[in-house]
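A quick write-up on the structure given underneath.
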Amino acid sequence: MGTITTKDGTEIFYKDWGTGQPIVFHHGWPLSADDWDNQMMFFLNQGYRVIAHDRRGHGRSSQTATGNEMDTYAADVAELTDALDLKDAVHIGHSTGGGEVARYVARAKKGRVAKAVLVSAVPPIMLKTEKNPDGLPLEVFDGFRAALVANRAQFYVDVPAGPFYGFNRPGAKVYQGVIDNWWRQGMIGGAKAHYDCIKAFSETDFTEDLKAIDVPVLVLHGDDDQIVPYADAAPLTVKLLKNGTLKTYPGFPHGMLTTHADVINPDLLAFVRS
């Protein structure tokens, strides 16, 4: 574990375990590198080097008041990959982290990236616009911001206890530890950065990033995703990619990397090895 200091003085925390081909994990909002514990242990035991960072304003990285948008997030990743001199890496992003992967990979230096995976990811764009009529209305994200400002601690219970993992579905098996761990990760980060990040994950248009990516990309999404609705995300993303493959999981929730790691991890491994 260590930190790098970016050009604007932000400290970015990261974990770096093992040897072999590097796999870099990019977490969702408002979480941290810890959200990838299961996948990092899985790939470490398969002989890979596993790396995960806390996005600026999240986890153990600096609680920044500025730079909480996708261009800077991607620039931070570029500085991290330069500092660690990663070559032929596989970048795997969940949710907001999928947006970060799309923007970084589209701009990455030659030889840095071998493949990418977008899991329950926000591209192409979440917000409802004239060009994206099936997106979510701005009022949804205004509601997120209002809830965060009013009572962040309670909001960070309600999200994982409800739609994030599908724990609000009839007959769902609810894991209190998973809810508590989501809350723990969220509350470590900075309120200002998390507030700004809602705009970053909802309003950023990744269309041109997706078109520019020329490495193989695997797109994984559950069709019962209540956070990033399936129909306006994964199928549209794959259409924009030069070399994209879509895998849909019937009934799986947004947080399927946690609730269904036993299914997702082997699929990730098969793609990495292919």
Side-chain angles (χ1 to χ4, degrees), residues 3-14 16 21-29 33 36 49 51-58 61-62 64 66-127 131-132 193 196-197 199-220 228 233-234 236-245 271-272:
T3 60
I4 64 160
T5 303
T6 66
K7 291 169 185 171
D8 71 353
T10 300
E11 282 199 353
I12 301 294
F13 171 93
Y14 67 92
D16 182 1
Q21 184 181 14
I23 301 178
V24 185
F25 298 93
H26 304 245
H27 65 79
W29 172 95
W36 291 104
R49 179 183 178 186
I51 297 148
H53 67 291
D54 291 355
R55 186 172 301 115
R56 65 168 55 216
H58 296 63
S61 294
S62 299
T64 46
T66 58
N68 304 307
E69 33 72 27
M70 282 294 165
D71 285 346
T72 305
Y73 294 160
D76 290 345
V77 174
E79 290 199 50
L80 177 64
T81 57
D82 283 353
L84 300 180
D85 194 25
L86 302 182
K87 295 182 175 71
D88 293 321
V90 179
H91 285 263
I92 303 178
H94 176 246
S95 195
T96 301
E100 180 178 275
V101 167
R103 182 133 302 177
Y104 165 71
V105 172
R107 302 176 178 187
K109 294 175 183 173
K110 188 166 182 164
R112 289 278 185 225
V113 179
K115 297 176 182 177
V117 185
L118 308 179
V119 185
S120 310
V122 298
I125 179 172
M126 288 190 72
L127 186 69
K131 291 182 180 178
N132 187 43
D196 292 350
C197 188
K199 181 181 179 70
F201 74 65
S202 64
E203 297 185 32
T204 304
D205 188 342
F206 297 98
T207 299
E208 296 307 315
D209 301 291
L210 296 170
K211 288 179 179 177
I213 295 170
D214 54 13
V215 298
V217 182
L218 178 63
V219 181
L220 307 179
V228 181
L236 304 183
T237 289
V238 168
K239 287 180 182 177
L240 293 165
L241 291 163
K242 292 186 179 78
N243 189 1
T245 302
F271 174 71
V272 171

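In what follows, every heavy atom counts, from backbone to side chain, and hydrogens, waters and symmetry copies are set aside.
- Here the shortest heavy-atom pairing between Gly28 and Ser95 reads CA-CB, 4.2 Å.
- Applying the salt bridge (Lys or Arg N to Asp or Glu O under 4.0 Å) test to pairs two or more places apart or on separate chains, none has a residue in residues 114-127.
- Paired with Arg56 under the rule side-chain hydrogen bond (donor to acceptor under 3.5 Å, both in side chains), one option of Asn68, Thr64, Thr10 passes, and it is Thr10.
- Distance check, rounded to the nearest 0.5 Å: CG of Leu127 to CZ of Phe201 gives 11.0 Å.
- Taking CZ of Phe206 as the reference point, atom OG1 of Thr237 lies at 9.5 Å (rounded to 0.5 Å).
- Separating the OG1 atom in Thr204 from the CE atom in Met126 is a distance of 11.0 Å, to the nearest 0.5 Å.
- Between the Glu79 side chain and the Lys7 main chain, a donor and an acceptor come within less than 3.5 Å of each other.
- For the side chain to side chain contact (heavy atoms under 4.5 Å, CB included) with His91, the lone residue among Val215, Ile51, Thr81 that qualifies is Thr81.
- Taken from CD1 in Ile213 to CD in Glu208, the straight-line distance is 11.5 Å, to the nearest 0.5 Å.
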**Message:** Set out, in order, the CA-CA distance, both residues' side-chain angles and the distance that settles side-chain contact (heavy atoms from CB on, under 4.5 Å) for Val219 and Leu241, then state yes or no.
**Reply:** CA-CA 10 Å; Val219 181; Leu241 291 163; 3.9 Å; yes

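- Residues forming a side chain to side chain donor-acceptor pair (under 3.5 Å) with Tyr73 (at least two apart in sequence, or on another chain): none.
- Annotation: the span from Ile12 atom CD1 to Ser62 atom OG amounts to 6.5 Å, rounded to 0.5 Å.
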**Request:** Could you please spell out the steps behind the side-chain contact (heavy atoms from CB on, under 4.5 Å) verdict for Ile125 and Lys131?
**Result:** CA-CA 10 Å; Ile125 179 172; Lys131 291 182 180 178; over 6 Å; no

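- In this view, Asp16 and Arg49 satisfy the salt bridge (charged side-chain N to carboxylate O under 4.0 Å, His left out) rule, not counting sequence neighbours.
- At a threshold of 4.0 Å, the pair Arg112-Asp85 counts as salt-bridged, since one of the basic side-chain nitrogens sits closer than that to a carboxylate oxygen.
- The salt bridge (charged side-chain N to carboxylate O under 4.0 Å, His left out) test applied to Asp214 returns no partner, not counting sequence neighbours.
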**Message:** Could you go through Lys109 and Asp82, starting from their C-alpha distance and side-chain angles, then the distance that decides it, and tell me whether this counts as side-chain contact (heavy atoms from CB on, under 4.5 Å)?
**Reply:** CA-CA 9 Å; Lys109 294 175 183 173; Asp82 283 353; 2.9 Å; yes

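- For the pair Pro124/Leu240, a side-chain contact is recorded, criterion being any heavy-atom separation below 4.5 Å from C-beta on.
- Other residues, nucleotides and ligands place no more than 12 heavy atoms under 6.0 Å from the NZ atom of Lys239.
- Paired with Leu118 under the rule side chain to side chain contact (heavy atoms under 4.5 Å, CB included), one option of Leu210, Leu218, Ile92 passes, and it is Leu210.
- Between Val24 and Ala89, the closest heavy-atom pair is CG2-CB, 4.3 Å.
- Between Pro216 and Ala114, the shortest heavy-atom contact is CD-O, 3.5 Å.
- The main-chain N or O of Asp76 is never found under 3.5 Å from a side-chain atom of Thr6 such that the two would form a donor-acceptor pair.
- With contacts defined as side-chain heavy-atom distances shorter than 4.5 Å, the pair Asp71/Arg107 qualifies.
- Residues meeting the salt bridge (charged side-chain N to carboxylate O under 4.0 Å, His left out) test with Glu69, sequence neighbours left out: none.
- One finds the CG atom of Leu220 at 9.5 Å from the OG1 atom of Thr245 (value rounded to the nearest 0.5 Å).
- Residues passing the side-chain contact (heavy atoms from CB on, under 4.5 Å) test with Ala83, sequence neighbours excluded: Ile4.
- Proximity of Arg55 to Thr96: side-chain heavy atoms (C-beta onward) are separated by under 4.5 Å at one or more points.
- Between His53 and His27, the ring planes lie tilted relative to each other; the angle falls in the 30° to 60° range.
- The side-chain heavy atoms of Val228 and Ser120, taken from C-beta on, include no pair separated by under 4.5 Å.
- Between the side chain of Gln21 and the backbone N or O of Val90 there is no donor-acceptor pair closer than 3.5 Å.
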**Trp29 vs His58, side-chain contact (heavy atoms from CB on, under 4.5 Å): CA-CA, chis, key distance, verdict** = CA-CA 8 Å; Trp29 172 95; His58 296 63; 4.1 Å; yes

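- In this structure, Asp205 and Arg103 approach most closely via the heavy-atom pair O-NH2, 3.4 Å.
- Smallest separation of non-hydrogen atoms from Ala193 and Gly57: CB-CA, 3.4 Å.
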